[in-house]
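Notes follow the structure.
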Amino acid sequence: MSPRYPKLVALDLDRTIWTSYLSDKTFGDHGWVHGDLRNNLELVNPTTIRDKRNHSHTLHLANDIPWIIHDLHSHDVKIAIVSRNTNKDLCDRAMWHFRAKDKHGKPRPLTYFIKYDEIVNEPKQNHLRRIHRWSKIPYSEMLFFDSQMSNEITEELLGLTFHYVADTRRALTKEEYKRGLELWRHNRIDARHH
């Protein structure tokens with residue numbers, strides 16, 4: 001029997017999916033662009049986006065994210081983005097540029113896999129409460145990866161499993177992801193015994 005997966009995995013963006021902070025104040029010419037800022041992003045290679053006008057501004061997808069997204073999709077896990085980034089449109093465009101393979105091996109934009117897209121500058125428990133209300137998924141069936149230890153409060157407040165992404169230079173790795181899954185499985189066993 002294969003190990004169980006949560007019904008939903010929530011991922012932060014900055015320093016979790018990608019290795020830095022995507023700022024609408026730095027992309028473009030110090031935040032100023034002609035037209036739509038979203039059009040100022042270009043894919044350089046499968047894990048790097050850069051600013052079309054200032055090539056020193058780059059954004060790197062964590063190396064293991066395509067594998068992680070594929071694994072979640074292959075196990076029918078719903079994926080949520082939970083981020084306090086202040087520019088949802090820019091983040092969504094960046095996710096659109098990056099690719100992962102679906103369960104059939106076809107490369108698709110990360111946006112294809114996102115069921116709940118909560119990018120708004122407010123406490124993360126608010127994002128997660130809305131996702132719970134819309135999805136009807138119990139908190140005990142949720143796993144949340146975030147690079148901000150302060151968001152551990154979501155575990156206490158809501159009863160989901162929180163996993164801290166400690167290495168913010170590398171963001172979420174395969175090993176960290178697997179440790180998060182094991183933590184969620186352990187928490188499920190503990191909950192059944194109480």
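These figures come from a predicted structure and were not determined experimentally.
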Evaluate the ring planes of [X] and [Y], with Trp represented by its six-membered ring, and classify them as parallel (under 30°), tilted (30 to 60°) or perpendicular (over 60°).
X    : Y    : value
F98  : W18  : tilted
F162 : F144 : perpendicular
H132 : Y139 : parallel

task: List the steps and the verdict of side-chain contact (heavy atoms from CB on, under 4.5 Å) for V82 and R130.
output: CA-CA 11 Å; V82 176; R130 275 194 298 276; over 6 Å; no
Measure the shortest side-chain to side-chain distance between [X] and [Y] over non-hydrogen atoms and say whether it is less than 4.5 angstrom.
X    : Y    : value
H127 : Y116 : no
Y164 : E152 : no
L11  : L172 : yes
R188 : R185 : no
I68  : T173 : no
I69  : P66  : no
T161 : H186 : no
D71  : Y177 : yes

Rounded distance [0.5 Å steps], [atom1] in [X] versus [atom2] in [Y]:
X    : Y    : atom1 : atom2 : value
T111 : R93  : OG1   : CZ    : 10.0 Å
K78  : S135 : NZ    : OG    : 8.5 Å
N85  : L90  : CG    : CG    : 7.0 Å
L128 : N151 : CG    : CG    : 8.5 Å
L110 : L61  : CG    : CG    : 6.0 Å
N126 : T154 : CG    : OG1   : 11.5 Å

So, does [X] use its side chain to make a donor-acceptor pair with the main chain of [Y] at under 3.5 Å?
X    : Y    : value
T48  : N45  : no
R84  : E122 : yes
D167 : A171 : no

message: Against H163, only a single residue in E176, R179, E182 fulfils side-chain hydrogen bond (donor to acceptor under 3.5 Å, both in side chains); can you say which?
response: E176
Can you see which heavy atom on [X] is nearest to which on [Y], and at what distance?
X    : Y    : result
V77  : P6   : CG2-O, 3.3 Å
A94  : L22  : CB-CD2, 3.9 Å
H97  : L43  : O-CD2, 3.7 Å
Y112 : H73  : CE2-NE2, 4.2 Å
I65  : T16  : CD1-O, 4.0 Å
R99  : P107 : CD-C, 4.4 Å

Salt-bridge present (R4, E141; N to O < 4.0 Å): yes
- prompt: Do K88 and D92 meet the salt-bridge criterion of a basic N to acidic O distance under 4.0 Å?
  reply: yes
side-chain contact (heavy atoms from CB on, under 4.5 Å) assessment of D14 paired with S147: CA-CA 8 Å; D14 301 315; S147 63; 5.9 Å; no
message: salt bridge (charged side-chain N to carboxylate O under 4.0 Å, His left out) for K124 and D12? Distances and angles first, verdict last.
response: CA-CA 9 Å; K124 303 254 176 105; D12 186 21; 3.5 Å; yes
task: For side-chain contact (heavy atoms from CB on, under 4.5 Å), just list the numbers for D51 and L41, CA-CA rounded to whole Å, side-chain angles, deciding distance to a tenth of an Å, and then say yes or no.
output: CA-CA 5 Å; D51 186 319; L41 301 177; 5.9 Å; no
message: Please evaluate residues V120 and E118 with respect to the criterion side-chain contact (heavy atoms from CB on, under 4.5 Å), reporting the C-alpha separation (whole Å), side-chain torsions for both, the decisive distance (0.1 Å), and the verdict.
response: CA-CA 6 Å; V120 60; E118 281 290 305; 4.3 Å; yes
message: I'd like to know whether NZ of K103 has more than 12 heavy-atom contacts from other residues, nucleotides or ligands below 6.0 angstrom.
response: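 Enclosed.
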